[in-house]
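Report on the following structure.
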Amino acid sequence: MEPPRLFASKRCPHCGLWSDHQHRPDDRCEHCHELLDPLGPEREAKLQQAWKWEMPPAMLIPIPPTDPAWLRGLKYLVRGGQLLFAATVSFILWLITAIAG
Ligand SMILES: [Zn+2]
């Protein structure tokens, strides 16, 4: 029976030896302790960043307290829609980054 670790090993780009890896972006070679995937942490950071995309505050509709109540209510509705839009954009960005990465 083949040892399952065969599927979890990766050839180290630095020393050329096979090393165990845990499918994590910052796995390191057990021989030379260099990153097995030099671009791993960078890709992971990009994914994190895409996921945290937020609507720039300047793009949110301003709601001055001087507005009448009905107008503020209306603006809160618009703002809710904008936040929903921001959540959708961050999901799409994450998706694109995940596919491109
Ligand atoms: Zn190595």
Side-chain angles (χ1 to χ4, degrees):
M1 190 174 147
E2 290 288 315
R5 56 163 288 171
L6 203 70
F7 297 99
S9 16
K10 193 169 178 171
R11 195 179 187 134
C12 171
H14 303 280
C15 66
L17 291 170
W18 291 87
S19 177
D20 275 357
H21 81 125
Q22 319 294 321
H23 294 281
R24 280 200 295 260
D26 57 349
D27 281 334
R28 285 179 182 272
C29 174
E30 59 192 23
H31 307 286
C32 68
H33 301 286
E34 290 290 339
L35 286 168
L36 282 175
D37 182 359
L39 295 176
E42 192 185 320
R43 197 154 53 218
E44 181 69 11
K46 264 192 207 162
L47 283 175
Q48 292 283 335
Q49 209 179 0
W51 192 235
K52 282 189 197 137
W53 190 88
E54 276 176 18
M55 179 80 71
M59 276 174 72
L60 283 175
I61 189 168
I63 306 177
T66 48
D67 276 356
W70 65 269
L71 190 57
R72 273 185 287 153
L74 199 67
K75 284 184 174 179
Y76 273 117
L77 274 181
V78 173
R79 197 181 259 200
Q82 287 184 309
L83 292 176
L84 196 68
F85 169 76
T88 310
V89 169
S90 71
F91 173 71
I92 291 170
L93 280 179
W94 176 83
L95 206 63
I96 289 172
T97 314
I99 291 170

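Only a predicted model underlies this, so the values are computations on that prediction, with no experimental measurement involved. Whatever order the structure lists ligands and atoms in, that order sets their numbers, starting from 1.
The closest side-chain heavy-atom distance from H14 to P38 is below 4.5 Å.
A distance of 11.5 Å separates OG of S90 from NZ of K52, quoted to the nearest 0.5 Å. Within the model, atoms CG of L36 and CZ of R28 stand 9.5 Å from one another, a figure rounded to the nearest 0.5 Å.
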Donor-acceptor contacts, no H, no angles, side chain residues 61-71, under 3.5 Å, sequence neighbours left out:
unit_1 : atom_1 : unit_2 : atom_2 : d
D67    : OD2    : K75    : NZ     : 2.8

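Annotation for Q82: atom CD counts as buried by contact number, over 12 foreign heavy atoms lying within 6.0 Å.
Clustering ILVMFWY residues whenever any of their side-chain heavy atoms sit less than 4.5 angstrom apart, transitively, puts L93 in the very cluster that holds M59.
The distance cut-off of 2.8 Å around the Zn ion (ligand 1) captures these protein N, O or S atoms, sorted by chain and number: C12 SG, C15 SG, C29 SG, C32 SG.
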